[in-house]
Amino acid sequence: MVDSEQNKPIYDDRVQGILRSLAQGKTRDEIALEDGNKNWKTIDMYMRRRNFQWDHHKQTYIPKVSLTNEWQPIDASKAGQVVAILAKDGADLRSAAERLGFKDHKELATYMNTRGYAWDSDTNNYVKQVGKIQSIEKATEKEDNPLQSEEQNIPNINESQISDDIKDFLPLLELLNKNKERLIDLIVPGTKVGIVPRYIVPGIATTKTIHMMNTIVQLVLDFSREKNITQREIFEVALIEFFQKYGYEREVERLLKS
(Lines give C-alpha, C1' and ligand atoms only; values in the text may rest on other atoms or scores of the structure.)
Protein backbone atom coordinates (compact mmCIF):
# COMPACT_ATOMS: atom_id res chain seq x y z
CA MET A 1 0.00 0.00 0.00
CA VAL A 2 2.81 2.40 0.86
CA ASP A 3 4.64 1.55 -2.36
CA SER A 4 1.45 2.19 -4.35
CA GLU A 5 1.05 5.61 -2.77
CA GLN A 6 4.67 6.51 -3.48
CA ASN A 7 4.36 5.56 -7.16
CA LYS A 8 1.34 7.71 -7.89
CA PRO A 9 1.88 10.32 -10.63
CA ILE A 10 2.26 13.88 -9.36
CA TYR A 11 0.31 16.42 -11.41
CA ASP A 12 2.07 19.59 -10.30
CA ASP A 13 1.98 22.83 -12.33
CA ARG A 14 5.13 22.07 -14.31
CA VAL A 15 3.98 18.53 -15.12
CA GLN A 16 0.65 19.84 -16.40
CA GLY A 17 2.45 22.49 -18.43
CA ILE A 18 4.70 19.89 -20.06
CA LEU A 19 1.74 17.65 -20.86
CA ARG A 20 -0.22 20.54 -22.36
CA SER A 21 2.76 21.56 -24.52
CA LEU A 22 3.15 17.99 -25.80
CA ALA A 23 -0.56 17.85 -26.59
CA GLN A 24 -0.14 21.05 -28.63
CA GLY A 25 2.50 19.34 -30.79
CA LYS A 26 5.70 20.69 -29.26
CA THR A 27 8.70 18.38 -28.98
CA ARG A 28 10.51 17.71 -25.71
CA ASP A 29 13.53 19.63 -27.01
CA GLU A 30 11.36 22.68 -27.75
CA ILE A 31 9.86 22.55 -24.26
CA ALA A 32 13.30 22.20 -22.71
CA LEU A 33 14.61 25.25 -24.61
CA GLU A 34 11.62 27.30 -23.48
CA ASP A 35 12.47 26.34 -19.88
CA GLY A 36 16.10 27.31 -20.37
CA ASN A 37 17.45 23.75 -20.48
CA LYS A 38 19.84 22.24 -23.04
CA ASN A 39 17.79 19.26 -24.21
CA TRP A 40 14.88 16.94 -23.54
CA LYS A 41 16.74 14.82 -20.98
CA THR A 42 16.08 17.39 -18.26
CA ILE A 43 12.35 17.20 -19.02
CA ASP A 44 12.49 13.42 -19.03
CA MET A 45 14.24 13.27 -15.65
CA TYR A 46 11.71 15.65 -14.11
CA MET A 47 8.75 13.60 -15.38
CA ARG A 48 10.25 10.29 -14.27
CA ARG A 49 10.76 11.65 -10.77
CA ARG A 50 7.05 12.39 -10.72
CA ASN A 51 6.21 8.84 -11.76
CA PHE A 52 5.65 9.30 -15.49
CA GLN A 53 7.14 7.37 -18.40
CA TRP A 54 7.49 8.22 -22.08
CA ASP A 55 5.03 6.56 -24.47
CA HIS A 56 6.62 6.39 -27.95
CA HIS A 57 3.32 5.56 -29.62
CA LYS A 58 1.35 8.45 -28.09
CA GLN A 59 4.38 10.77 -28.10
CA THR A 60 3.64 11.95 -24.57
CA TYR A 61 4.13 10.97 -20.93
CA ILE A 62 1.79 8.56 -19.19
CA PRO A 63 1.58 7.47 -15.52
CA LYS A 64 3.84 4.57 -14.59
CA VAL A 65 1.08 2.93 -12.59
CA SER A 66 -2.62 2.50 -13.16
CA LEU A 67 -4.81 4.07 -10.48
CA THR A 68 -7.81 1.93 -9.63
CA ASN A 69 -9.81 3.86 -7.04
CA GLU A 70 -9.48 7.46 -8.08
CA TRP A 71 -9.98 9.60 -11.14
CA GLN A 72 -7.34 9.36 -13.86
CA PRO A 73 -7.34 11.25 -17.18
CA ILE A 74 -7.82 9.32 -20.41
CA ASP A 75 -4.81 11.12 -21.86
CA ALA A 76 -2.28 13.57 -20.53
CA SER A 77 -3.80 16.73 -22.00
CA LYS A 78 -6.28 19.02 -20.30
CA ALA A 79 -8.86 18.08 -22.92
CA GLY A 80 -8.37 14.46 -21.92
CA GLN A 81 -9.04 15.40 -18.31
CA VAL A 82 -12.33 17.01 -19.36
CA VAL A 83 -13.39 13.81 -21.13
CA ALA A 84 -12.42 11.69 -18.13
CA ILE A 85 -14.38 13.83 -15.67
CA LEU A 86 -17.50 13.81 -17.85
CA ALA A 87 -17.25 10.03 -18.17
CA LYS A 88 -17.87 9.65 -14.44
CA ASP A 89 -21.41 9.07 -13.20
CA GLY A 90 -23.18 12.27 -12.18
CA ALA A 91 -20.61 14.61 -13.76
CA ASP A 92 -21.75 17.58 -15.84
CA LEU A 93 -20.21 20.42 -17.81
CA ARG A 94 -20.46 22.96 -15.00
CA SER A 95 -18.73 20.74 -12.45
CA ALA A 96 -16.02 19.85 -14.98
CA ALA A 97 -15.47 23.53 -15.78
CA GLU A 98 -15.18 24.44 -12.10
CA ARG A 99 -12.81 21.55 -11.35
CA LEU A 100 -10.40 22.42 -14.15
CA GLY A 101 -10.37 26.18 -13.62
CA PHE A 102 -12.59 27.39 -16.47
CA LYS A 103 -14.76 30.46 -15.94
CA ASP A 104 -17.89 28.56 -16.97
CA HIS A 105 -19.09 25.73 -19.21
CA LYS A 106 -19.05 28.01 -22.27
CA GLU A 107 -15.35 28.73 -21.85
CA LEU A 108 -14.79 24.98 -21.48
CA ALA A 109 -16.74 24.37 -24.71
CA THR A 110 -14.61 26.92 -26.55
CA TYR A 111 -11.42 25.29 -25.27
CA MET A 112 -12.53 21.79 -26.31
CA ASN A 113 -13.50 22.97 -29.79
CA THR A 114 -10.10 24.53 -30.40
CA ARG A 115 -8.51 21.23 -29.35
CA GLY A 116 -10.49 19.29 -31.96
CA TYR A 117 -13.29 17.87 -29.78
CA ALA A 118 -16.99 17.95 -30.59
CA TRP A 119 -19.94 17.43 -28.25
CA ASP A 120 -21.70 14.07 -28.60
CA SER A 121 -25.24 14.19 -27.25
CA ASP A 122 -25.53 10.39 -27.25
CA THR A 123 -22.72 9.94 -24.72
CA ASN A 124 -23.00 13.40 -23.10
CA ASN A 125 -19.29 13.84 -23.58
CA TYR A 126 -16.72 15.23 -25.99
CA VAL A 127 -15.37 13.08 -28.82
CA LYS A 128 -12.06 13.59 -30.61
CA GLN A 129 -12.53 14.65 -34.23
CA VAL A 130 -10.35 14.51 -37.32
CA GLY A 131 -10.34 16.96 -40.20
CA LYS A 132 -10.86 20.71 -40.24
CA ILE A 133 -12.05 22.20 -36.96
CA GLN A 134 -15.16 24.33 -37.27
CA SER A 135 -15.15 27.91 -36.03
CA ILE A 136 -15.44 28.47 -32.29
CA GLU A 137 -18.58 30.57 -32.70
CA LYS A 138 -20.45 27.82 -34.58
CA ALA A 139 -19.37 25.09 -32.17
CA THR A 140 -20.34 26.90 -28.97
CA GLU A 141 -23.62 27.99 -30.52
CA LYS A 142 -24.50 24.37 -31.29
CA GLU A 143 -23.57 23.21 -27.80
CA ASP A 144 -25.74 25.92 -26.22
CA ASN A 145 -28.62 24.84 -28.48
CA PRO A 146 -28.16 21.15 -29.46
CA LEU A 147 -31.41 21.18 -31.46
CA GLN A 148 -30.03 23.66 -33.96
CA SER A 149 -29.55 22.17 -37.43
CA GLU A 150 -27.47 23.17 -40.40
CA GLU A 151 -30.64 22.83 -42.45
CA GLN A 152 -31.97 26.02 -40.86
CA ASN A 153 -29.41 27.99 -42.87
CA ILE A 154 -30.41 26.46 -46.21
CA PRO A 155 -33.07 28.50 -48.08
CA ASN A 156 -36.09 26.63 -49.39
CA ILE A 157 -36.51 26.92 -53.15
CA ASN A 158 -40.00 26.65 -54.61
CA GLU A 159 -39.36 25.24 -58.08
CA SER A 160 -42.87 26.08 -59.21
CA GLN A 161 -41.93 29.77 -59.05
CA ILE A 162 -38.78 29.32 -61.18
CA SER A 163 -38.78 29.37 -64.96
CA ASP A 164 -37.62 26.32 -66.92
CA ASP A 165 -34.54 28.18 -68.14
CA ILE A 166 -33.39 28.87 -64.58
CA LYS A 167 -34.10 25.31 -63.36
CA ASP A 168 -31.24 24.00 -65.49
CA PHE A 169 -28.85 26.12 -63.45
CA LEU A 170 -30.08 25.00 -60.00
CA PRO A 171 -27.40 22.26 -59.60
CA LEU A 172 -24.71 24.82 -60.47
CA LEU A 173 -26.13 27.35 -58.01
CA GLU A 174 -26.21 24.72 -55.28
CA LEU A 175 -22.57 23.85 -55.99
CA LEU A 176 -21.59 27.53 -55.85
CA ASN A 177 -23.47 27.99 -52.57
CA LYS A 178 -21.76 24.94 -51.08
CA ASN A 179 -18.32 26.33 -51.92
CA LYS A 180 -19.02 30.04 -51.50
CA GLU A 181 -16.36 30.55 -48.81
CA ARG A 182 -13.63 29.13 -51.05
CA LEU A 183 -14.88 31.17 -54.01
CA ILE A 184 -14.85 34.41 -52.03
CA ASP A 185 -11.33 33.69 -50.87
CA LEU A 186 -10.23 33.12 -54.49
CA ILE A 187 -12.02 36.16 -55.92
CA VAL A 188 -11.09 38.56 -53.10
CA PRO A 189 -7.66 37.52 -51.78
CA GLY A 190 -6.97 38.51 -48.20
CA THR A 191 -10.58 38.38 -47.00
CA LYS A 192 -9.60 35.88 -44.33
CA VAL A 193 -6.43 37.53 -43.11
CA GLY A 194 -5.70 36.51 -39.53
CA ILE A 195 -8.11 33.55 -39.53
CA VAL A 196 -6.03 30.39 -39.57
CA PRO A 197 -7.90 27.11 -40.17
CA ARG A 198 -7.16 24.31 -37.73
CA TYR A 199 -6.96 20.64 -38.67
CA ILE A 200 -6.84 17.47 -36.61
CA VAL A 201 -4.66 15.11 -38.63
CA PRO A 202 -4.80 11.38 -37.81
CA GLY A 203 -1.55 9.50 -37.29
CA ILE A 204 1.52 9.44 -35.06
CA ALA A 205 3.75 12.49 -34.61
CA THR A 206 7.20 11.97 -36.14
CA THR A 207 10.28 14.13 -36.65
CA LYS A 208 11.15 15.37 -40.15
CA THR A 209 14.24 17.51 -40.73
CA ILE A 210 14.22 19.85 -43.72
CA HIS A 211 16.46 22.71 -44.82
CA MET A 212 15.03 26.11 -45.73
CA MET A 213 16.12 29.73 -45.92
CA ASN A 214 16.63 31.42 -42.57
CA THR A 215 14.30 34.24 -43.64
CA ILE A 216 11.41 31.79 -44.01
CA VAL A 217 12.29 30.20 -40.67
CA GLN A 218 12.10 33.63 -39.04
CA LEU A 219 8.67 34.24 -40.58
CA VAL A 220 7.46 30.94 -39.13
CA LEU A 221 8.77 31.86 -35.68
CA ASP A 222 7.21 35.33 -35.78
CA PHE A 223 3.87 34.03 -37.04
CA SER A 224 3.84 31.29 -34.41
CA ARG A 225 4.30 33.78 -31.58
CA GLU A 226 1.92 36.40 -32.97
CA LYS A 227 -0.97 34.04 -33.80
CA ASN A 228 -0.44 31.67 -30.84
CA ILE A 229 -0.13 28.64 -33.10
CA THR A 230 2.51 25.92 -32.97
CA GLN A 231 5.05 25.51 -35.74
CA ARG A 232 3.74 22.03 -36.46
CA GLU A 233 0.24 23.43 -37.02
CA ILE A 234 1.62 26.06 -39.40
CA PHE A 235 3.29 23.45 -41.60
CA GLU A 236 0.29 21.10 -41.43
CA VAL A 237 -2.11 23.84 -42.58
CA ALA A 238 0.31 24.96 -45.30
CA LEU A 239 0.79 21.44 -46.67
CA ILE A 240 -2.90 20.51 -46.50
CA GLU A 241 -3.94 23.62 -48.43
CA PHE A 242 -1.05 23.15 -50.88
CA PHE A 243 -2.22 19.59 -51.64
CA GLN A 244 -5.83 20.76 -51.97
CA LYS A 245 -4.83 23.45 -54.46
CA TYR A 246 -2.45 21.40 -56.60
CA GLY A 247 -4.24 18.17 -57.39
CA TYR A 248 -4.34 16.19 -54.13
CA GLU A 249 -7.74 17.32 -52.88
CA ARG A 250 -9.25 13.82 -52.85
CA GLU A 251 -6.23 12.35 -51.07
CA VAL A 252 -6.43 15.05 -48.39
CA GLU A 253 -10.17 14.50 -48.02
CA ARG A 254 -9.65 10.76 -47.49
CA LEU A 255 -6.86 11.48 -44.98
CA LEU A 256 -8.97 13.84 -42.87
CA LYS A 257 -11.92 11.42 -42.87
CA SER A 258 -9.83 8.39 -41.93
Side-chain angles (χ1 to χ4, degrees), residues 8-26 50 52 55 58-63 65-154 194-203 205 227-230 232-233 236-237 256-258:
K8 286 183 178 180
I10 302 172
Y11 287 91
D12 59 24
D13 290 342
R14 189 181 180 194
V15 166
Q16 293 186 45
I18 291 171
L19 295 177
R20 282 196 296 270
S21 295
L22 289 168
Q24 292 168 2
K26 294 182 180 180
R50 277 145 187 80
F52 288 85
D55 188 309
K58 296 180 179 179
Q59 289 293 295
T60 189
Y61 286 97
I62 61 174
V65 295
S66 176
L67 306 181
T68 55
N69 294 322
E70 57 181 80
W71 168 76
Q72 177 183 343
I74 293 176
D75 62 40
S77 66
K78 193 171 185 177
Q81 296 177 33
V82 172
V83 173
I85 290 176
L86 293 176
K88 297 184 65 176
D89 292 336
D92 56 37
L93 285 170
R94 287 180 172 80
S95 63
E98 181 180 357
R99 180 168 182 174
L100 293 174
F102 292 99
K103 182 176 65 177
D104 52 34
H105 69 286
K106 292 184 178 181
E107 185 178 78
L108 182 149
T110 299
Y111 175 86
M112 295 299 286
N113 175 243
T114 59
R115 295 303 184 274
Y117 286 80
W119 180 255
D120 181 12
S121 58
D122 292 333
T123 61
N124 288 324
N125 206 333
Y126 286 95
V127 177
K128 186 75 170 179
Q129 304 294 295
V130 296
K132 188 173 182 179
I133 306 175
Q134 61 184 319
S135 67
I136 296 173
E137 293 80 4
K138 289 182 180 179
T140 52
E141 184 179 355
K142 286 181 181 179
E143 289 173 13
D144 289 340
N145 183 10
L147 299 179
Q148 184 182 19
S149 171
E150 293 287 346
E151 295 177 356
Q152 293 175 347
N153 298 322
I154 300 176
I195 302 176
V196 181
R198 300 295 178 100
Y199 296 90
I200 298 297
V201 182
K227 303 298 183 180
N228 192 28
I229 180 175
T230 66
R232 190 190 80 176
E233 289 174 318
E236 284 182 349
V237 171
L256 297 180
K257 288 183 178 180
S258 62

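Just so we're clear, the structure is a prediction, and the values are computed from it rather than from any experiment.
- Counting only N and O atoms by type, the side chains of T110 and E107 include no donor and acceptor under 3.5 Å apart.
- Put simply, the side chain of E98 never gets that close to the backbone of R94: no donor and acceptor are under 3.5 Å apart.
- Between V82 and L108, some side-chain heavy-atom pair lies under the 4.5 Å cut-off.
- Remark: the S95 side chain and the D92 side chain contain an N/O donor-acceptor pair separated by less than 3.5 Å.
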For L86 and N124: C-alpha separation, side-chain torsions, deciding distance, then whether side chain to side chain contact (heavy atoms under 4.5 Å, CB included) applies. CA-CA 8 Å; L86 293 176; N124 288 324; over 6 Å; no
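- D120 places no side-chain N or O within 3.5 Å of a backbone atom of N125 that could act as its donor or acceptor partner.
- By the 4.0 Å N-to-carboxylate-O rule, D12 lies close enough to R50 to be salt-bridged with it.
- For the atom pair L19 CG and T60 OG1, the distance stands at 5.0 Å (nearest 0.5 Å).
- Taking both residues in full, the closest heavy atoms of A79 and Y117 are given as CB-CE1, 3.5 Å, listed atom of the first, atom of the second, then distance.
- Between the CZ atom in R232 and the CD atom in Q24 there is a gap of 10.0 Å [rounded to 0.5 Å].
- Once rounded to the nearest 0.5 Å, the distance linking NZ of K106 with CG of L93 reads 12.0 Å.
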Trace of the ring-ring contact (aromatic ring centres under 6.0 Å, His included) decision for Y111 with Y126: CA-CA 11 Å; Y111 175 86; Y126 286 95; 9.7 Å; no
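- In this structure, the side chains of M112 and V83 come closer than 4.5 Å at one or more pairs of heavy atoms.
- Here the closest heavy-atom approach between residue I85 and residue A96 is recorded as CG2-CB, 3.9 Å.
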Take Y199 and V237, measure what side chain to side chain contact (heavy atoms under 4.5 Å, CB included) needs, and give me the verdict at the end. CA-CA 7 Å; Y199 296 90; V237 171; 3.9 Å; yes
Run the side chain to side chain contact (heavy atoms under 4.5 Å, CB included) test on L100 and Q81 for me, step by step, so that the C-alpha distance in whole Å, both residues' side-chain angles and the decisive distance to 0.1 Å come before the verdict. CA-CA 8 Å; L100 293 174; Q81 296 177 33; 3.4 Å; yes
